[in-house]
Protein chains: 2
Amino acid sequence: MTIEEIAKLAGVSRSTVSRVVNGDPHVRDEVRIHVQQIIDDNGYHPNAAARSLASRRTRIIGLLVPRAIGVVLQDPFFLHLIQGAVEGCNETDYLLTMLLESADVDISNQRVYDRVIRGRHIDGVVIASSVVEDPIVERLQQDGFPFALVGRHPHHDVSFVDVNNVDSAKLAVQHLIEHGYRRIGCITGPPNMIASIDRYAGYVMALQESGRAPDRSLTAEGDFTRRGGYRAMQELLNNGNRPDAMFVASDTMASGALQALRDAGLRAPDDVAVFGFDGLDHQLVSQPVLSTMVQPIRELGREAVKIVLSRVASNESAPTQRYLPTEMALRASCGCGAADAAAGNGAGRGGDA
Amino acid sequence: MTIEEIAKLAGVSRSTVSRVVNGDPHVRDEVRIHVQQIIDDNGYHPNAAARSLASRRTRIIGLLVPRAIGVVLQDPFFLHLIQGAVEGCNETDYLLTMLLESADVDISNQRVYDRVIRGRHIDGVVIASSVVEDPIVERLQQDGFPFALVGRHPHHDVSFVDVNNVDSAKLAVQHLIEHGYRRIGCITGPPNMIASIDRYAGYVMALQESGRAPDRSLTAEGDFTRRGGYRAMQELLNNGNRPDAMFVASDTMASGALQALRDAGLRAPDDVAVFGFDGLDHQLVSQPVLSTMVQPIRELGREAVKIVLSRVASNESAPTQRYLPTEMALRASCGCGAADAAAGNGAGRGGDA
DNA sequence: TTGTAAGCGTTATCAT
DNA sequence: ATGATAACGCTTACAA
């Protein structure tokens with residue numbers, strides 16, 4: 001079935017069929033209905049390649065998931081991000097395609113880049129990486145290809161959407177301080193990710209502003225996985241310098257940390273309080289219920305799509321850098337009691353930067 | 001940059017450039033090198049839409065991940081499957097695109113289907129669903145669209161790749177029987193998935209062949225998630241009829257079950273032995289080390305891609321139904337001692353069906 | 001081995 | 001509001 005055949009069947013020109021397909025208002029209702037009928041009857045769907053070639057638009061945007069597929073997809077954070085991005089696309093009649101890099105071969109990733117980006121398979125791309133100095137950002141910038149990051153980027157010319165990780169982490173730690181904990185430790189994310197750096201910075205700032213110096217022996221490095229959080233917590237427990245509270249840079253790690261406490265015969269929050277980050281503890285088996293700093297992850301995904309689309313529409317426009325607000329969810333693990341209610345508490349700046 | 005410009009720069013016709021780009025051997029080496037040089041110098045990459053339109057091939061295959069994005073992507077099983085599929089594509093210079101269905105709206109999924117499949121965005125599709133009577137299978141069959149399932153399908157006309165879940169589960173349970181356990185329970189997967197049904201069937205067969213009747217009070221239903229396994233195990237422990245061994249239909253669930261045992265103050269394998277399925281316990285925090293039936297998940301992904309590609313190449317060919325072998329990994333949780341070695345033990349039929 | 005030319009199925013511009 | 005007609009950038013017989 002081609003547009004030509006439909007045109008013939010409907011007794012109109014292919015221009016008219018094209019207009020109907022694309023919702024052009026300049027078609028008589030009578031004609032539109034008739035043509036649409038024939039389209040439906042024959043199960044006609046426009047050929048994507050022909051359409052893209054003629055319109056110079058694919059109506060697809062990519063979601064680039066950087067290497068380490070395993071690590072990445074395992075994190076529930078990504079599920080929400082993806083879901084948000086899919087929603088953002090659906091709302092605008094775009095298609096989302098996940099671009100997967102193979103774990104090992106760097107060359108083949110390069111090939112995928114060329115094929116997909118330079119070959120104009122997609123109109124724009126959302127990048128869910130956010131490691132410091134990801135080379136792909138520069139490539140895209142040079143190619144003048146529309147893109148947006150989920151996770152802030154230092155360069156003022158790069159579009160992104162994020163939460164304010166520094167302020168949010170700081171608020172979380174301040175909350176622990178208000179509880180009266182004296183030895184507040186931290187499990188960080190990988191040191192090459194901006195979110196890790198920012199959250200750690202917030203942790204340090206909160207301590208410093210309350211007149212304390214951060215103690216390196218209370219800090220351990222995780223990798224945003226449950227197992228990483230488990231090991232980091234174990235490490236801290238084994239070095240003989242036990243904290244009475246922990247700020248953990250992700251809920252996934254926090255769930256591992258809680259597990260480590262349990263396995264060590266310790267109780268949270270009585271022996272060690274725990275505060276997480278992300279707001280997806282309900283996806284995990286966590287007990288006690290985790291207190292956490294909630295990010296609007298789905299919104300981040302949607303917003304990233306919106307930004308990309310706006311850049312697709314007009315590539316000349318100024319870059320968009322947007323921060324979405326976070327919210328504290330105070331539950332049992334920080335010592336707030338069994339109350340399961342969330343206390344609203346915007347930490348992000350909100351609105352444009 | 002278009003092929004035309006490159007041709008002009010190289011002083012050849014665009015056919016020749018096309019031949020070089022596509023690795024056609026009918027080009028003089030001298031010319032090929034010269035043209036390639038110019039291509040590289042100018043960073044030329046063929047336009048995907050134009051290429052597809054002319055060749056009637058997109059060189060993309062889709063990986064359709066059925067609804068419930070959350071449930072599905074969370075399972076490490078999928079990570080391996082995806083990785084395998086990506087590899088299979090890389091090897092053949094195809095692109096893999098993940099087709100995501102939005103969680104809620106059924107209509108939009110339909111739209112995606114039409115746009116992607118009927119619009120010929122992709123040449124073929126791997127379906128990672130495997131729920132009983134997935135309507136999409138029939139749709140694809142009717143449309144004559146190349147596809148392959150990961151997970152067997154009862155219809156003889158449908159191509160798929162799978163392991164023999166019945167036999168494999170049976171072997172696992174027989175192993176538990178050989179250990180001397182008397183009250184062997186089972187945690188199943190969702191009842192609408194073929195893999196669940198088959199594994200449960202294997203469990204029942206093993207019991208029956210050893211002269212026992214399966215006891216419904218020793219069986220609980222999970223959903224292939226860690227949490228689901230946790231709850232199912234709790235349920236069995238609470239009904240007062242404690243098993244001395246468990247066959248759990250996935251490692252993810254098994255890890256939850258082990259957790260439930262620990263939380264109940266029981267030890268594995270001494271109080272309750274546990275045998276898993278999948279072979280991805282190392283991804284999980286499991287203690288003791290889980291005995292499990294290993295599936296070659298990545299191979300399943302690769303193989304599914306291969307099958308789809310062969311059907312793309314010649315749509316007329318007979319459907320391919322292939323079973324890959326499984327392997328028992330006997331570790332501590334079934335009572336085999338701390339030995340971490342894997343005992344080879346092909347359970348699949350191997351080769352074509 | 002290389003070039004010529006005819007599509008591939010749309011959209012977009014310009015008349016009417 | 002509708003219809004011709006010229007792109008869009010490439011592949012692919014077919015000719016040379």
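The figures that follow rest on heavy atoms only: side chains count, while hydrogens, waters and symmetry mates do not. As the structure is a prediction and not an experimental result, all values here were calculated from the model. So you know, we letter chains A, B, ... as the sequences are listed, proteins then strands, and number each from 1.
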Original post:
Asn22(A) and Arg51(A): side-chain donor and acceptor closer than 3.5 Å?
Top reply: yes
Chain A vs DNA chain D, heavy-atom contacts under 4.0 Å, first-to-last nucleotide span, 5' to 3', is dA1(D) to dG9(D)
Residue pairs meeting side-chain hydrogen bond (donor to acceptor under 3.5 Å, both in side chains), one or both in residues 137-146 of chain B, sequence neighbours left out, come to Gln110(B)-Arg139(B), Tyr113(B)-Asp143(B), Arg118(B)-Asp143(B)
Atom pairs under 3.5 Å: protein N/O with N/O of nucleotides 12-16 of chain C:
| residue | atom | partner | partner atom | Å |
| --- | --- | --- | --- | --- |
| dA12(C) | N6 | Ser15(A) | OG | 3.4 |

Sorted by chain and residue number, the salt bridge (charged side-chain N to carboxylate O under 4.0 Å, His left out) partners of Arg115(A) (sequence neighbours excluded) come out as Asp93(B)
Between CZ of Arg56(B) and C1' of dG9(C) the distance, given in whole Å, is 9 Å
* Where the side chain of Arg298(A) meets the backbone of Ala85(A), is there a donor-acceptor pair that is under 3.5 Å apart? -> no
Steps toward side-chain contact (heavy atoms from CB on, under 4.5 Å) verdict (Val163(B), Tyr323(B)): CA-CA 5 Å; Val163(B) 297; Tyr323(B) 288 92; 5.8 Å; no
Assert: residue with more 5' nearest nucleotide on DNA chain C, out of Ser13(B) and Val17(A), is Ser13(B)
Return a table of donor-acceptor pairs under 3.5 angstrom between the side chains of residues 147-162 of chain A and protein atoms on other chains or two or more places apart.
| residue | atom | partner | partner atom | Å |
| --- | --- | --- | --- | --- |
| Arg152(A) | NE | Asp198(A) | OD2 | 2.7 |
| Arg152(A) | NH2 | Asp198(A) | OD1 | 2.9 |
| Arg152(A) | NH2 | Asp198(A) | OD2 | 3.4 |
| His153(A) | ND1 | His155(A) | N | 3.0 |
| His155(A) | ND1 | Asp157(A) | N | 2.9 |
| Ser159(A) | OG | Thr320(A) | N | 3.0 |
| Asp162(A) | OD2 | Arg152(A) | N | 2.7 |

Rounded to whole Å, CG of Asn47(A) lies from C1' of dG7(C) at a distance of 14 Å
The side-chain contact (heavy atoms from CB on, under 4.5 Å) partners of Glu133(B) (sequence neighbours excluded) come to none
Residues passing the salt bridge (charged side-chain N to carboxylate O under 4.0 Å, His left out) test with Arg59(A), sequence neighbours excluded, are none
Under a 4.0 Å heavy-atom cutoff, the residues of residues 20-46 of chain B touching DNA chain D are Asn22(B), Tyr44(B), Pro46(B)
note: Lys8(B), atom NZ; dG3(C), atom P; distance rounded to Å ~ 14 Å
Worksheet item: Does Pro296(A) offer a backbone N or O that forms a donor-acceptor pair with the side chain of Glu299(A) under 3.5 Å?
Response: no
Check your understanding: Salt bridge between Asp29(B) and Arg32(B), side-chain N to carboxylate O under 4.0 Å?
Key -> yes
Terminal axes of the helix from dT1(C)-dA16(D) to dT16(C)-dA1(D) (5 end pairs apiece), angle rounded to 10 degrees, sit apart by 30°
The side chain to side chain donor-acceptor pair (under 3.5 Å) partners of Ser15(A) (sequence neighbours excluded) come to none
Residue set satisfying salt bridge (charged side-chain N to carboxylate O under 4.0 Å, His left out) with Arg14(B), at least two apart, ordered chain then number -> Glu4(B)
Could you give the side-chain donor-acceptor pairs of residues 34-42 of chain A under 3.5 Å, partners two or more places apart or in another chain?
| residue | atom | partner | partner atom | Å |
| --- | --- | --- | --- | --- |
| Gln36(A) | NE2 | Asp40(A) | OD1 | 3.0 |
| Asn42(A) | ND2 | Ile38(A) | O | 2.7 |

Rounded to whole Å, CZ of Arg51(B) lies from C1' of dG9(C) at a distance of 19 Å
